[in-house]
Amino acid sequence: MYQAPRGTSDILPQEQAYWRYLEQKTANICQLYGYERIDAPAFEDTRLFSRSVGEGTDIVEKEMYTFEDRGGNKITLRPEGTAPVCRAYVEHGMHNLAQPVKLYYLASIFRYERPQAGRFRQHHQFGYEAIGDDDPALDAEVIDMAWQFFRSLNLRHLSLNLNSIGCKTCRPEYLIALKDYYADYIDDLCADCKTRLARNPLRLLDCKKRSCQPISDSAPRSIDYLCPQCAEHFKQLQRYLGLLELPFEVNHRLVRGLDYYTRTVFEIQPETERAQSTLGGGGRYDGLIEELGGKPTPAIGFAVGIERIISNLKKYNVPVPALPRAQVFIAYVGDEVKDEAIKLASRLRQAGIGVIEAIGSKSLKAQLRQANTIGVQHTVIIGDQELKTATVILRDMTNAQQEAVPLTRLEERLR
RNA sequence: GUGAGUGUAGCCUAGUGGUUUAAGGCACCAGGUUGUGGCCCUGGAGAUCGAGGGUUCGAAUCCCUUCACUCACCCCA
């Protein structure tokens with residue numbers, strides 16, 4: 001028997017209400033903040049990701065779905081959404097548009113990982129990018145939008161973590177300080193941290209091992225090493241966030257897993273934190289557009305995991321609107337009237353009324369039972385008698401009331 | 001990649017001191033007289049007990065292997 005590949009899943013009909021609802025909510029918030037949708041391809045040239053995300057990151061090193069196509073090109077299923085959008089920005093010369101250019105996407109993301117709660121090999125992200133300005137007010141707006149998005153979903157009890165990891169001038173100094181500091185404790189570090197020290201020192205900060213905690217607690221903080229411009233940027237950002245009354249917390253250990261981030265980084269997670277609970281994260285990436293061959297262009301973005309949002313909506317019993325469904329069932333008695341039922345169904349649909357017709361030869365009882373389980377509002381019943389008088393029986397399934405309705409008036413009665 | 005747990009019908013579960021047709025609930029289908037749903041009653045269909053091998057007179061139940069799923073680590077949405 002076949003089953004969906006590991007880490008993937010079918011989004012079944014009963015789940016679809018969540019997805020449609022989120023499509024609508026994302027479109028709404030984007031309209032409010034002036035973002036327009038962009039859909040990039042599901043796969044890209046592998047180098048797009050290895051260059052932007054970073055050769056040393058876990059995503060590039062062990063999580064990409066990479067293959068060679070029949071033409072010998074190295075292709076990768078997108079493991080994140082920002083790089084493709086930036087590629088599109090450069091490719092289509094969007095620097096000629098009014099800046100910042102604001103784009104959003106809702107897309108499948110692919111990462112080869114061991115699945116577990118809140119983590120899949122194929123998942124979906126809603127993300128948005130504001131490209132073309134380094135004003136901290138833009139950072140604040142991007143963060144505000146994320147926050148308001150969650151508010152519009154009635155997801156409360158969230159925390160907003162913020163940090164600044166500097167730019168390409170000040171970060172190297174910070175990394176040196178960090179390495180120097182940790183080098184003194186190398187014998188006390190866990191095995192993972194020893195490799196982090198050599199490969200990705202920023203990651204040292206968020207080691208969850210108890211033995212490493214006290215060391216991280218008093219480690220140098222990135223904000224103490226910011227260059228004057230970055231420091232001012234971060235200061236202004238916090239001022240704007242205060243202006244917007246966003247309850248952020250500066251978290252010195254917040255670092256993000258992709259190399260392109262500069263200055264502002266932030267994450268939103270439930271207050272009751274567990275593994276893989278982060279709902280979304282983002283940050284500034286002032287060097288990325290240039291890295292991808294564009295002019296030096298500052299930018300900032302944010303992305304959330306749709307599956308994680310849905311699991312939170314469920315967890316807190318947040319209701320989502322039901323999807324509209326066919327409201328009429330057509331039942332018929334006797335094979336002679338079947339033709340009539342088929343024509344009637346078609347006629348009602350052309351009038352914009354959703355119809356499910358009885359298929360197969362079932363007893364009227366069975367047809368009504370089906371109508372009941374489907375949950376339609378009305379059932380139209382046709383038999384010989386009705387055929388003769390050019391009427392149908394219209395049965396209201398909620399109260400079992402029924403009446404004879406002339407065929408010609410059916411549409412208006414159902415509307 | 002590492003570690004732990006779990007695998008009985010579409011779903012949830014019973015059955016593990018080894019024995020003949022593997023039990024129940026939900027859901028599904030059909031009946032309960034003539035062309036009428038939901039409740040109730042009756043019946044039906046649906047499982048090679050994850051797969052392969054072994055021990056045994058006999059295995060869902062014991063042993064081995066394997067696969068899958070779940071959770072955690074790494075890391076992330």
Exercise. What nucleotide, of A30(B), C75(B), C28(B), holds the atom closest to the side chain of Ala366(A)?
Worked result: A30(B)

Exercise. For Arg6(A) and C69(B), is the shortest distance between a side-chain N/O and OP1 or OP2 below 4.0 Å?
Worked result: yes

Exercise. Does the U36(B) base have a donor-acceptor partner in the side chain of Gln367(A) within less than 3.5 Å?
Worked result: no

For this session: With RNA chain B as reference, determine whether Ala400(A) or Val304(A) sits nearer its 5' end, using the nearest nucleotide of each.
Result: Ala400(A)

Exercise. Just checking Ile393(A): base, sugar-phosphate only, or nothing, at a heavy-atom cut-off of under 4.0 Å?
Worked result: base

Exercise. Under 4.0 angstrom, heavy atoms only, what part of the nucleic acid is Ala117(A) near: base, sugar-phosphate, or nothing?
Worked result: sugar-phosphate

Exercise. In whole Å, what separates the P atom of U2(B) from that of U66(B)?
Worked result: 13 Å

Exercise. Does one side chain, of Ser159(A) or Glu249(A), offer a donor that lies under 3.5 Å from an acceptor on the other?
Worked result: no

Problem set entry | Main-chain N/O of Arg395(A) paired to Thr379(A) side chain as donor or acceptor, under 3.5 Å | no

Exercise. Does some side-chain heavy atom of Leu237(A) sit less than 4.5 Å from a side-chain heavy atom of Ile143(A)?
Worked result: yes

Exercise. Does OP1 or OP2 of A77(B) have a side-chain N or O of Arg111(A) closer than 4.0 Å?
Worked result: yes

Exercise. Using the C1' atom in both, what is the distance from A27(B) to A9(B), to the nearest Å?
Worked result: 12 Å

Problem set entry | Distance, rounded to the nearest Å, where Ile374(A) contributes CD1 and G38(B) contributes P | 14 Å

Problem set entry | Partner of Glu44(A) by salt bridge (charged side-chain N to carboxylate O under 4.0 Å, His left out), out of Arg87(A), Arg78(A), Arg51(A), Lys74(A) | Arg87(A)

For this session: Using a 4.0 Å heavy-atom cut-off across all strands, classify Gln402(A) as base, sugar-phosphate, or nothing.
Result: base

Exercise. CZ of Phe120(A) versus C1' of A77(B): gap in Å, rounded?
Worked result: 10 Å

For this session: Would you mind reading off the distance between Leu158(A) atom CG and A77(B) atom C1', rounded to a whole angstrom?
Result: 14 Å

Problem set entry | Opposite nucleotide pairing with U36(B), Watson-Crick or G-U, both atom distances under 3.5 Å | none

Exercise. With respect to the phosphate group of C75(B), does any side-chain polar atom (N or O) of Arg256(A) fall under 4.0 Å of OP1 or OP2?
Worked result: no

Exercise. U16(B) and A72(B): how far apart are their C1' atoms, nearest whole angstrom?
Worked result: 29 Å

Exercise. Quantified in whole Å, what is the C1' atom distance between nucleotide U55(B) and nucleotide C64(B)?
Worked result: 11 Å

Exercise. Between atom CZ in Arg369(A) and atom C1' in A30(B), what is the gap in whole Å?
Worked result: 7 Å

Problem set entry | Any Gln116(A) side-chain nitrogen or oxygen under 4.0 Å from OP1 or OP2 of U70(B) | no

For this session: State whether a side-chain donor-acceptor pair under 3.5 Å links Glu307(A) with His124(A).
Result: yes

For this session: Specify the separation, in whole Å, of atom CZ of Phe329(A) and atom P of G35(B).
Result: 17 Å

Exercise. What nucleic acid atoms does Thr373(A) come within less than 4.0 Å of, heavy atoms only: base, sugar-phosphate, or nothing?
Worked result: sugar-phosphate

For this session: Starting at atom CG of Asp396(A), determine the distance to atom P of G38(B), rounded to an integer number of angstrom.
Result: 16 Å

Exercise. Only one of Leu246(A), Leu32(A), Leu244(A) clears side-chain contact (heavy atoms from CB on, under 4.5 Å) with Gln148(A); which?
Worked result: Leu246(A)

Exercise. Contact class for Arg114(A) (heavy atom, under 4.0 Å): base, sugar-phosphate, or nothing?
Worked result: base

For this session: Scan side-chain atoms only and decide if Tyr285(A) and Glu129(A) contain a donor-acceptor pair under the 3.5 Å cut-off.
Result: yes

Exercise. What is the distance, rounded to the nearest whole Å, between atom CD of Glu113(A) and atom C1' of A72(B)?
Worked result: 14 Å

Exercise. Is there a donor N/O on one and an acceptor N/O on the other, under 3.5 Å, for the side chain of Gln269(A) and the base of A77(B)?
Worked result: no

Problem set entry | Whichever of Val333(A) and Pro5(A) has its nearest RNA chain B nucleotide further upstream toward 5' | Val333(A)

Exercise. Between G37(B) and Lys365(A), is there an OP1 or OP2 to side-chain N/O distance shorter than 4.0 Å?
Worked result: yes

Exercise. Roughly, in whole Å, what's the span from CG in Leu205(A) to P in C75(B)?
Worked result: 12 Å

Exercise. Taking the side chain of Gln3(A) as its heavy atoms from C-beta onward, which of G35(B), A68(B), A77(B) lies nearest to it?
Worked result: A68(B)

Problem set entry | SB check Arg37(A) Glu23(A) (cutoff 4.0 Å) | no

For this session: Using a 4.0 Å heavy-atom cut-off across all strands, classify Gly334(A) as base, sugar-phosphate, or nothing.
Result: nothing

For this session: Mind checking Gln385(A) for me? I need base, sugar-phosphate or nothing, with any heavy atom below 4.0 Å counting as a touch.
Result: base

Problem set entry | Nearest to side-chain heavy atoms of Glu386(A), which nucleotide of G35(B), U70(B), G38(B) | G35(B)

Problem set entry | Distance-only donor-acceptor test, Arg308(A) side-chain atoms vs C76(B) base atoms, 3.5 Å | yes

For this session: Give one of base, sugar-phosphate or nothing for Thr398(A), where a contact means two heavy atoms less than 4.0 Å apart.
Result: base

Exercise. On a whole-Å scale, what distance lies between the C1' atoms belonging to G25(B) and G46(B)?
Worked result: 15 Å

Seminar exercise, completed: Partner of A23(B) under the Watson-Crick or G-U wobble criteria, both distances under 3.5 Å, comes out as U13(B)

